[in-house]
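The structure under discussion appears below in the form of structure tokens.
Because the structure is a prediction, the values reported are computed rather than measured.
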Amino acid sequence: MIETIVRVWQSQFLFSRTIEHLYMFSVAMFFSVLIGLIIGVIIYLNPKSANPVLNILNATETIPTLALLVILLPFFGIGMPPTIVASIIYSILPVSRNTYTGLTSVNKQLIEISRALGLSEREILFKVRFPMALPLIAGGVRIALVFTMAIVTLGGLIAAGGLGAPLQTGINLFRTDIIIVVGLWTGILAVILDLGAAVIEKSLKMRYGR
Amino acid sequence: MNQRLFEKIDSIDIEDVTKSYGDFFAIKNLNLKIKGGELIALVGPSGSGKTTTLRLINKLIEPDNGTIKINDIDIKNLNPVKLRRNIGYVIQEIGLFPHMTVLENIGIISKLEGWSSDNVRKRVDEILNLFGLPAELYIKRYPKELSGGQQQRIGLARAIMVNPPLLLMDEPFGALDPILRRQLQEEFLKIKMELDKTIVFVTHDIDEAFKLGDRVAIMKDSQLVQVGEPDELILNPINKFVSDIVGSEKKFKHIDNLKVKDIMDPIESKYLFDSKMTANQAIQEMKNRNIEMGIILNKSNPLGIILFKELINLENKSQFIEEIYTKVVFLNANDCATSALLTLKNSNSFTALVTEKENLVGILLPNEVLLKLV
């Protein structure tokens, strides 16, 4: 069995495929968290825009992943760019929705006492609302992580490289050994990343939880 | 440090202030002069406009009509954030930020005002000391690791951190159990002298108002009914509502016939401590039971009381509590209430244990109206 693993690992260049995979994953996560946070804060600052914006993001969420990849092809070519863009589009919603919910759901009494103590609205946002929203934001990031992992793998279909590529090879050649080894490895990777995120989320909850 | 809007309060003048939400009046034609340096207690049933009055003073609410002047400056023209940094604020229950340590909670405004960490730490030590809380034990903790009484003290510490000349307190002891509340009131009375601030204090407990207030303002249905010193309200209530609230008639008409057992509180078992406990164990138990006072029993004989505040400041915490307890007055349940209260008043203590046929049956924490009457 170990022999099979080693053979597949070497013939399919799984080490460099994993690096590619994690590279796409990190870039996509970085931008989806960044954009998600910014949108979350913007719709918090303009409450009237919150519903329309979240609805639009919800709508994009309903486009099937495969269809989204194909729609993006004319704009971004094939390979990594459309894969990363698709991951970002999918992952913005959980991050911005949780940011928005986290910022708005802080206990009213705490906001009131913050004002009474003489904190400005800006100081309340950064010193009270944001830290208290962190556990919820971390929850959103965790959902984004799962989305991104899935889409990056799907990127194999449009020549994005990463672990989706050898998986695609395995399917095309009907080689179960490749499919199983790469599939398991992709799964293990996803579980490890999710566990890491879970630990962070939990520690934030302990620290900032109410 | 930023400059102060006012170093000292000379007067707060609330003139013809009205605030309504649609048909509902939160406050109606309020006229109230608060003198610099006094503690004025606002008392009334819920919805009577007490809290609204507080929130008008620090501009959490803007009045529809009328003016509020502090030292003859109309606060309408003041920046609310700047104004509030000159006013300490304490509320009931969750006033502390759960994501900040005690040090961060107390120091939040001083930090924003640009104090150095050293200065913040020095001042926090000073204040916690005032409350009898050892700073090194507390500053790194989070609010959820503190008991209710401790949280309330930290809330008060935060309010006086930057030494504001005015303090607004909204039922600060309202959520505590009666005995603990009494203890915090005593403590607050002591530090009030040292603080030398103007304080507006909201409560629905007339005893608390009489105990702490220099003057008491009675409110009802969003209006001020009567304001005056406690004796004035008890002796010359303006109407039946006031006399009912201060209880001048119904409670004390027959004071001569009352016995100690009629005015004492029964003992709950959570207040009982065995004399063979060490101070350390007692501290732990008090935390578990969320109380700050205990009655020491040797077998079933009551000896005296122990106070959390005193235990925590002990050098040697492995002593038995029977060696360190505080002596109190003992009264008989069938003693005449008037003479018992006089005994208490003369011994200058605020607790007495009540026994009947050698058995402990209650604790007497005389309320202020009673003490004023004897």
Side-chain angles (χ1 to χ4, degrees), chain A residues 33 36-37 40-41 44-45 47 95-142 197-210, chain B residues 2 4-5 51 54-61 78-101 104-113 142-145 151 154-162 164 166-172 175 200:
Chain A
V33 171
L37 279 176
V41 172
Y44 159 74
L45 292 173
V95 178
S96 47
R97 185 185 50 205
N98 281 27
T99 305
Y100 174 73
T101 313
L103 292 177
T104 46
S105 66
V106 175
N107 186 307
K108 289 225 164 54
Q109 226 179 330
L110 276 182
I111 300 302
E112 166 117 355
I113 187 90
S114 310
R115 285 201 186 108
L117 288 173
L119 272 74
S120 66
E121 290 306 313
R122 222 180 99 116
E123 287 158 351
I124 293 176
L125 176 60
F126 289 111
K127 304 232 171 241
V128 183
R129 286 187 193 269
F130 197 74
M132 298 208 58
L134 275 179
L136 213 61
I137 295 175
V141 171
R142 221 179 127 190
V199 169
I200 294 173
E201 187 187 354
K202 195 166 177 209
S203 72
L204 285 171
K205 251 189 203 139
M206 298 276 285
R207 173 88 167 69
Y208 297 107
R210 10 202 131 149
Chain B
N2 281 6
R4 273 282 151 74
L5 281 178
T51 299
L54 271 200
R55 294 158 49 128
L56 282 162
I57 297 174
N58 67 0
K59 287 186 80 169
L60 281 174
I61 300 178
L78 297 175
N79 171 305
V81 169
K82 219 168 163 199
L83 172 70
R84 290 169 198 155
R85 290 197 182 175
N86 289 267
I87 302 177
Y89 197 80
V90 191
I91 54 169
Q92 171 183 348
E93 290 184 280
I94 52 145
L96 299 179
F97 299 113
H99 62 290
M100 296 183 190
T101 61
E104 289 165 335
N105 260 295
I106 302 180
I108 182 164
I109 294 302
S110 56
K111 277 275 180 199
L112 292 174
E113 297 267 298
Y142 286 93
K144 64 180 168 204
E145 297 166 317
Q151 287 189 24
I154 302 301
L156 188 52
R158 179 176 63 187
I160 59 175
M161 174 70 187
V162 297
L166 174 61
L167 210 51
L168 305 179
M169 306 179 76
D170 193 354
E171 305 209 25
V200 187

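Considering only heavy atoms from C-beta on, A:E201 stays 4.5 Å or farther from A:V141 through its side chain. Taking the side chain as every heavy atom from C-beta outward, A:L45 and A:V41 approach each other to under 4.5 Å.
Shown here are the side chain to side chain donor-acceptor pair (under 3.5 Å) partners of B:T51, two or more places apart in sequence or in another chain: B:D170.
Relative to the six-membered ring of B:F97, B:R158 meets both conditions, a distance below 6.0 Å and an angle of at most 45° to the axis.
Atom CE of residue A:M132 and atom CG of residue A:L110 lie 5.5 Å apart, to the nearest 0.5 angstrom.
Listed here is the closest heavy atom pair of B:Y89 and A:E112: OH-OE2, 4.4 Å.
Only the backbone of B:I87 has a heavy atom closer than 4.5 Å to any heavy atom of chain A.
The choice from B:I109, B:V90, B:N58 that makes the most heavy-atom pairs within less than 4.5 Å of chain A is B:I109.
Atom NZ of B:K59 is surrounded by more than 12 heavy atoms from other residues, nucleotides or ligands within 6.0 Å.
Residue-level contacts of residues 116-125 of chain A with chain B, in order of numbering, are A:A116, A:L117, A:G118, A:L119, A:S120, A:E123; threshold 4.5 Å between heavy atoms.
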